[in-house]
Novice: 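My structure is below; once you've seen it, I'll send some questions.
When reading the values below, keep in mind they use all heavy atoms of this one structure, side chains included, and skip hydrogens, waters and symmetry mates.
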Amino acid sequence: MGEFNNQVVLITGAAGNLGQAAAEVFASKGARLALMDRDESGLTAARNALPADATVSLYPTDLIDPDSVAASVEKILAEMQHIHVLANIAGGFTMGPMLHETQDKDWDFMFNLNARSVFNTCRAIVPGMLTQGGGRIINVSARAAQDGKAKMAPYCASKSAVITLTESLAAEHKFNNINVNCILPGTVDTPQNRADMPQADHSKWVAPAALADVIAFLASTAARSVTGAAVPVYGQS
């Protein structure tokens, strides 16, 4: 019997590096997985990387489109009855120009990808958690949310919004058994980051599996008294 046996865990951005790592951790602990991403082939690859006996359902979804999110959540609830844990992992990064040279489309892209996606999923899922008597939500912000950097204003601001959204949602539901927390990763050790920063000391970066362990902890009963937290996970960087 795993720690999350028979619990339904919804993971957004499941086709990405951290999403796949989270799926592996929750599957190993007995969870029933609902994997959500707009990349259908990536979702299939993520499913194929999991043990054959894992209970996994795939939900191709445009997380920026509230109707697409609502439709997928409705389908999950129809098929799996509950969503006990929401791991909001979808997001991304682009380096930008100076703020005064930033175009509206670049600002909107970062806020849609990193903040609106979290808003859309939380808005769709919280009513079901209220009905079932509780749940756990873990969002992914970033170290850069607390320390603005040059040519990264849209990214830093959008990830800062995730922290504030997390705090607000936690305050709204602290008496409803819905715990809402976020993690603040440092530089994550992914193939993409290694290619972009080949001269860096990769051993000091944070492994996706280590981040996934923190997400699983925040979803567990051991973290039942933790809500509204922004947890740094910086590795040695």
Novice: Over all heavy atoms of both residues, which pair between Gly19 and Ile11 is shortest? Give the atoms and the distance, please.
Specialist: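 It is O-CG2, 4.0 Å.
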Novice: Group every Ile, Leu, Val, Met, Phe, Trp and Tyr by side-chain heavy-atom contacts under 4.5 Å, then state whether Ile138 and Val231 land in the same group.
Specialist: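 Yes; tracing contacts between hydrophobic side chains, which count when under 4.5 Å, links both residues.
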Novice: Side chain of Asp37, backbone of Ala15: donor and acceptor closer than 3.5 Å?
Specialist: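 Flag set: sc Asp37 to bb Ala15 pair under 3.5 Å.
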Novice: Under a single-linkage definition using a 4.5 Å side-chain heavy-atom cutoff for Ile, Leu, Val, Met, Phe, Trp and Tyr, are Ile183 and Phe26 assigned to the same hydrophobic cluster?
Specialist: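 Yes, same cluster.
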Novice: Do Ser72 and Met36 make a side-chain contact, defined as non-hydrogen atoms from C-beta onward lying under 4.5 Å apart?
Specialist: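 Heavy-atom side-chain distance check passes, below 4.5 Å.
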Novice: Are Leu130 and Leu77 connected in the hydrophobic side-chain network, where two residues link if heavy atoms are under 4.5 Å apart?
Specialist: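 Per the 4.5 Å side-chain linkage, Leu130 and Leu77 are co-clustered.
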Novice: Evaluate Lys105 against Trp107 for side chain to side chain contact (heavy atoms under 4.5 Å, CB included), listing each step before the verdict.
Specialist: CA-CA 6 Å; Lys105 65 179 180 63; Trp107 180 269; over 6 Å; no
Novice: Donor-acceptor pair, distance only, cut-off 3.5 Å: does the side chain of Thr61 make one with the backbone of Tyr59?
Specialist: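 Checking the backbone N and O of Tyr59 against the side chain of Thr61, a donor-acceptor pair under 3.5 Å is found.
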Novice: Quick check: closest heavy atoms across Gly228 and Glu167, and the distance to 0.1 Å?
Specialist: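 Closest approach of Gly228 to Glu167: O-CG, 3.9 Å.
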Novice: Near Gln81 CD, under 6.0 Å, is it more than 12 heavy atoms from other residues, nucleotides or ligands?
Specialist: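 Yes, CD of Gln81 has more than 12 neighbouring heavy atoms, counting only those of other groups under 6.0 Å.
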Novice: What do the steps show when you test Gln103 against Asp108 for side chain to side chain donor-acceptor pair (under 3.5 Å), and what is the final call?
Specialist: CA-CA 9 Å; Gln103 299 183 30; Asp108 292 344; over 6 Å; no
Novice: Picking from Ile215, Ile89, Val162, what satisfies side-chain contact (heavy atoms from CB on, under 4.5 Å) with Asn139?
Specialist: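 Result for side-chain contact (heavy atoms from CB on, under 4.5 Å) with Asn139: Val162.
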Novice: Is the shortest side-chain heavy-atom distance between Leu10 and Ile125 below 4.5 Å?
Specialist: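 The answer is yes, as the side chains (C-beta and beyond) meet within the 4.5 Å cut-off.
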Novice: Count the heavy atoms belonging to other residues, nucleotides or ligands that lie under 6.0 Å from CG of Asp104, then report whether that count exceeds 12.
Specialist: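 Not buried by this count: 12 neighbours or fewer within 6.0 Å.
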Novice: Identify whether Val140 and Val85 are in the same connected component of the hydrophobic contact network (ILVMFWY, side-chain heavy atoms under 4.5 Å).
Specialist: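 Val140 clusters together with Val85.
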Novice: Thr121: which residues meet the side-chain hydrogen bond (donor to acceptor under 3.5 Å, both in side chains) condition with it, sequence neighbours left out?
Specialist: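 side-chain hydrogen bond (donor to acceptor under 3.5 Å, both in side chains) list for Thr121, sorted by chain: Asn88.
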Novice: Write down the atom of Ile76, the atom of Ala34, and the distance for their closest heavy-atom approach.
Specialist: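 Looks like CD1-CB, 4.0 Å.
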Novice: Between Gln7 and Arg136, is a side chain to side chain contact (heavy atoms under 4.5 Å, CB included) present by the stated rule, with each step listed?
Specialist: CA-CA 11 Å; Gln7 290 193 36; Arg136 302 289 182 265; over 6 Å; no
Novice: Got a donor-acceptor contact below 3.5 angstrom from the His82 side chain to the Gly128 backbone?
Specialist: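 Flag not set: sc His82 to bb Gly128 has no pair under 3.5 Å.
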Novice: Measuring from Asp147:CG to Leu184:CG, what's the distance to the nearest 0.5 Å?
Specialist: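 Between Asp147 CG and Leu184 CG, I get 11.5 Å after rounding to 0.5 Å.
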Novice: Let me confirm one number: the CD-CZ distance from Glu79 to Arg32, rounded to the nearest 0.5 Å.
Specialist: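 Output value for this atom pair is 10.0 Å.
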Novice: For Lys159, is there any backbone N or O sitting under 3.5 Å from a side-chain donor or acceptor partner on Ser141?
Specialist: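 Yes; judged by distance alone, with no hydrogens or angles, the pair exists.
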Novice: Kindly indicate whether the side chain of Phe217, heavy atoms from C-beta on, has any atom under 4.5 Å from the side chain of Val25.
Specialist: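 Of all side-chain heavy-atom pairs linking Val25 with Phe217, none is under 4.5 Å.
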Novice: Is any side-chain heavy atom of Asp39 closer than 4.5 Å to a side-chain heavy atom of Ser41?
Specialist: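 Yes, side chains in contact.
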Novice: What are the two closest non-hydrogen atoms of Ala31 and Val9, and how far apart are they?
Specialist: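 Residues Ala31 and Val9, closest heavy atoms: CB-CG2, 3.7 Å.
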Novice: Enter the distance from Cys156:SG to Lys149:NZ here, rounded to the nearest 0.5 Å.
Specialist: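 That separation rounds to 8.0 Å.
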Novice: If I take atom CD from residue Glu101 and atom CG from residue Asp106, how far apart are they, to the nearest 0.5 angstrom?
Specialist: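 Here the rounded value is 11.5 Å.
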Novice: Between Ile137 and Met129, is any pair of side-chain heavy atoms under 4.5 Å apart?
Specialist: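 They are in side-chain contact.
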Novice: Please report the shortest heavy-atom distance between Val126 and His173, naming the atom on each side.
Specialist: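 That closest heavy-atom pairing would be CG1-NE2, 3.5 Å.
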Novice: Using a 3.5 Å distance criterion without hydrogens, assess whether the side chain of Asp62 forms a donor-acceptor pair with backbone atoms of Ile64.
Specialist: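 A pair under 3.5 Å: yes.
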Novice: Any chance you could measure Glu24, atom CD, to Leu33, atom CG, to the nearest 0.5 Å?
Specialist: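 Here the rounded value is 10.5 Å.
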Novice: Where the side chain of Asn177 meets the backbone of Gly133, is there a donor-acceptor pair that is under 3.5 Å apart?
Specialist: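 The answer is yes, because a donor-acceptor pair under 3.5 Å joins these two groups.
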Novice: Any heavy-atom pair between the side chains of Met197 and Trp205 that's under 4.5 Å?
Specialist: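 Heavy-atom side-chain distance check passes, below 4.5 Å.
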Novice: Using side-chain heavy atoms (C-beta onward) and a distance below 4.5 Å, is Pro154 in contact with Thr102?
Specialist: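 With C-beta onward as the side chain, the pair touches.
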Novice: Is a side-chain N or O of Asn114 found less than 3.5 angstrom from the main chain of Gly91, in a donor-acceptor match?
Specialist: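 No, because the side chain of Asn114 does not come within donor-acceptor range (under 3.5 Å) of the backbone of Gly91.
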Novice: Would you say Leu86 ends up clustered with Val73 if hydrophobic residues are merged whenever their side chains have heavy atoms under 4.5 Å apart, either directly or through other cluster members?
Specialist: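 Both belong to a single hydrophobic cluster.
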Novice: Is it the case that atom CD in Glu40 sees more than 12 heavy atoms from other parts of the structure closer than 6.0 Å?
Specialist: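 For Glu40, atom CD is not crowded (no more than 12 foreign heavy atoms under 6.0 Å).
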Novice: Has the side chain of Ser160 got a donor or acceptor atom that lies under 3.5 Å from a matching backbone atom of Ala157?
Specialist: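 Judged by distance alone, no pair lies under 3.5 Å.
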Novice: So Leu113 and Thr94, do their side chains get closer than 4.5 Å, heavy atoms only?
Specialist: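 Counting from C-beta outward, Thr94 and Leu113 never come under 4.5 Å.
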Novice: Could you tell me which non-hydrogen atom of Leu18 sits nearest to which non-hydrogen atom of Pro208, and how far apart they are?
Specialist: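 Looking at all heavy atoms of both residues, the closest pair is CD1-O, 3.5 Å.
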Novice: For the pair Arg47 (side chain) and Thr44 (backbone), establish whether a donor and an acceptor sit closer than 3.5 Å, ignoring hydrogens and angles.
Specialist: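 It does not hold such a pair.
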Novice: Would you check if the side chain of Gln132 reaches a backbone N or O of Ile83 as a donor-acceptor pair within less than 3.5 Å?
Specialist: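 Yes; judged by distance alone, with no hydrogens or angles, the pair exists.
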Novice: Out of the candidates Leu169, Leu63, Leu165, only one should pair with Phe119 under the side-chain contact (heavy atoms from CB on, under 4.5 Å) rule; please name it.
Specialist: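 Between Phe119 and the candidates, side-chain contact (heavy atoms from CB on, under 4.5 Å) is satisfied uniquely by Leu165.
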Novice: Determine, for Phe111 and Arg116, whether the Lys NZ or Arg CZ falls below 6.0 Å from the six-membered ring centre while staying within 45 degrees of the axis.
Specialist: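 Not flagged: Arg116 not positioned over aromatic ring of Phe111.
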Novice: From Ile163 CD1 over to Ser168 OG, what is the distance, rounded to the nearest 0.5 angstrom?
Specialist: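 With rounding to 0.5 Å, CD1 (Ile163) is 12.0 Å from OG (Ser168).
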